[in-house]
Amino acid sequence: LSSPSSGVVAVDATSKLSALHGGLAQVGLELKASGRWGVSVASLPDLDGDSHGELCVAAGIGSYADILFLSSDGAGGGFVAHAGVRLSSASSSPLPADMRGRIAASAVASLVWGGSVAHLGDLDGDGAP
């Protein structure tokens, strides 16, 4: 987004993120056909120090959320995912075991973990989101 001196905010560029576009397959984030990936999206600050913000994307009914580390596509200001992390109950998830257990228990109880996401900021005051 840009904000010209006139005070009008404008969109500079758009990028499509899907199973086929935006680098998701290249970073190993397979989208489930039965899910509603993208039903909720939250912008995150730059977590990896490359001066580009990141995205957290909810999967809806898939019981997972993805953090996408974005970078410029080099062709006019669009963005692609250059890395990604899936937060879920799977043992490959970087979440602590007790958190993964809570996600698994929510699925058994027919609750939806990862149905909505939001950026909460720095909760513990350490300067990191």
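Small disclaimer: the values here were computed from a predicted structure and weren't measured.
Listed for the Ser88 side chain is no donor-acceptor partner under 3.5 Å among the backbone atoms of Tyr64. Side-chain N or O atoms of Asp98 include none that pairs as donor or acceptor with a backbone N or O of Arg102 at under 3.5 Å.
The heavy-atom pair separating Arg100 from Ser91 by the smallest distance is NE-CA, 3.9 Å. Nearest heavy-atom pair across Ala104 and Ser89 is N-CB, 3.8 Å. The two residues Ser71 and Asp50 come nearest to each other via the heavy atoms CB-OD2, 4.2 Å. Here the closest heavy-atom approach between residue Arg86 and residue Asp66 is recorded as NE-OD1, 2.7 Å. Of all the heavy atoms in Pro45 and Glu54, the pair that sits closest is O-CG, 3.4 Å.
Linking Ile, Leu, Val, Met, Phe, Trp and Tyr residues whenever their side-chain heavy atoms come within less than 4.5 Å leaves Val80 and Phe69 in two separate clusters. Residue Leu95 is grouped with residue Val85 when hydrophobic side chains (ILVMFWY) are merged at heavy-atom distances under 4.5 angstrom, including chains of intermediate members. Linking Ile, Leu, Val, Met, Phe, Trp and Tyr whenever their side-chain heavy atoms come within less than 4.5 Å leaves Val39 and Leu87 in two separate clusters. Hydrophobic clustering of Ile, Leu, Val, Met, Phe, Trp and Tyr side chains at less than 4.5 Å, counting indirect connections, keeps Leu47 apart from Val117.
With values rounded to the nearest 0.5 angstrom, Cys56 atom SG is found 10.0 Å from Leu120 atom CG.
Counting heavy atoms from C-beta on, the side chains of Asp48 and His82 come closer than 4.5 Å.
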Using the rule given for side-chain contact (heavy atoms from CB on, under 4.5 Å), can you reason through Leu44 versus Leu55, listing the C-alpha separation, both sets of side-chain angles and the distance that settles it, and then say yes or no? CA-CA 5 Å; Leu44 300 175; Leu55 284 178; over 6 Å; no
